[in-house]
There are 2 protein chains.
Amino acid sequence: MLQAEKVNAATGRTTVNINGQEYVVKGEEPEYIQMLASYVDKKMRQVSHKFPHYPPVKVAVLAALNIADELYKVQQDYETLVKLIQEEKRG
Amino acid sequence: MLQAEKVNAATGRTTVNINGQEYVVKGEEPEYIQMLASYVDKKMRQVSHKFPHYPPVKVAVLAALNIADELYKVQQDYETLVKLIQEEKRG
């Protein structure tokens with residue numbers, strides 16, 4: 001669960017808290033950055049819960065691997081859908 | 001770039017090297033795990049290159065945020081495509 005959020009309107013920097021650490025992220029949409037940070041935070045907490053003795057860097061890398069896994073699967077689904085559309089157009 | 005890969009066929013565990021650290025990942029497809037690890041490794045190196053003084057945990061978390069950003073965008077593309085298909089079927 002995300003613990004803090006601060007937005008500096010002048011610089012467009014959003015401060016988010018992920019796994020107990022603050023991160024400053026540049027971007028135009030603080031809500032979007034907040035949503036992504038919340039997602040990464042959730043993934044890290046899931047890994048931490050499963051491997052309570054892992055150091056934070058290992059937790060973060062395994063969370064990144066899990067997110068990459070989801071990304072790959074959605075990419076596959078997307079490509080399958082594109083192929084289906086192309087086949088329908090042809091046939 | 002990934003530096004090492006070891007697969008223990010008996011246990012189904014794959015050892016990958018991400019940003020100079022070894023990680024043991026359980027899974028049935030070592031090539032898939034290797035591909036994901038290579039992707040996370042690349043993302044971490046991109047962050048490290050941009051912020052050479054960041055500690056590894058910060059690099060890993062920012063890499064995870066970047067991957068989450070890609071995941072969200074592909075999910076949006078996927079949903080847009082599904083809506084398009086539904087509209088075509090209706091009309």
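Source: prediction; values computed, not measured. Residue numbering restarts at 1 for every chain, and letters A, B, ... go by the order of the sequence lines.
Note that OH of Y39(B) and CG of D69(A) are 12.5 Å apart. Values are rounded to the nearest 0.5 Å. Here L81(B) contributes atom CG and E79(A) contributes atom CD; the two are 11.5 Å apart, rounded to the nearest 0.5 Å.
Interface residue K58(A): backbone and side-chain heavy atoms are both found under 4.5 Å from chain B. For chain A, the nearby parts of Y78(B) are the backbone and the side chain; heavy atoms of each come within less than 4.5 Å.
Both M35(A) and I33(A) sit in one connected hydrophobic cluster of ILVMFWY residues. Membership requires side-chain heavy atoms under 4.5 Å apart, directly or through other members. No path of Ile, Leu, Val, Met, Phe, Trp and Tyr side chains, each step under 4.5 Å between heavy atoms, connects V24(A) with M44(A), placing them in separate hydrophobic clusters.
Closest approach of L71(B) and V74(A) over heavy atoms only: CD1-CG2, 3.8 Å. Scanning both residues, Y32(B) and Y72(A), for their nearest heavy atoms gives CE1-CD2, 3.1 Å.
Note: V61(A) leads V61(A), V40(A), V25(A) in heavy-atom pairs under 4.5 Å with chain B.
A heavy-atom distance below 4.5 Å is found between the side chains of L65(B) and I18(A).
Contacts of residues 82-89 of chain A with chain B at a heavy-atom distance below 4.5 Å involve V82(A), I85(A), listed in sequence order.
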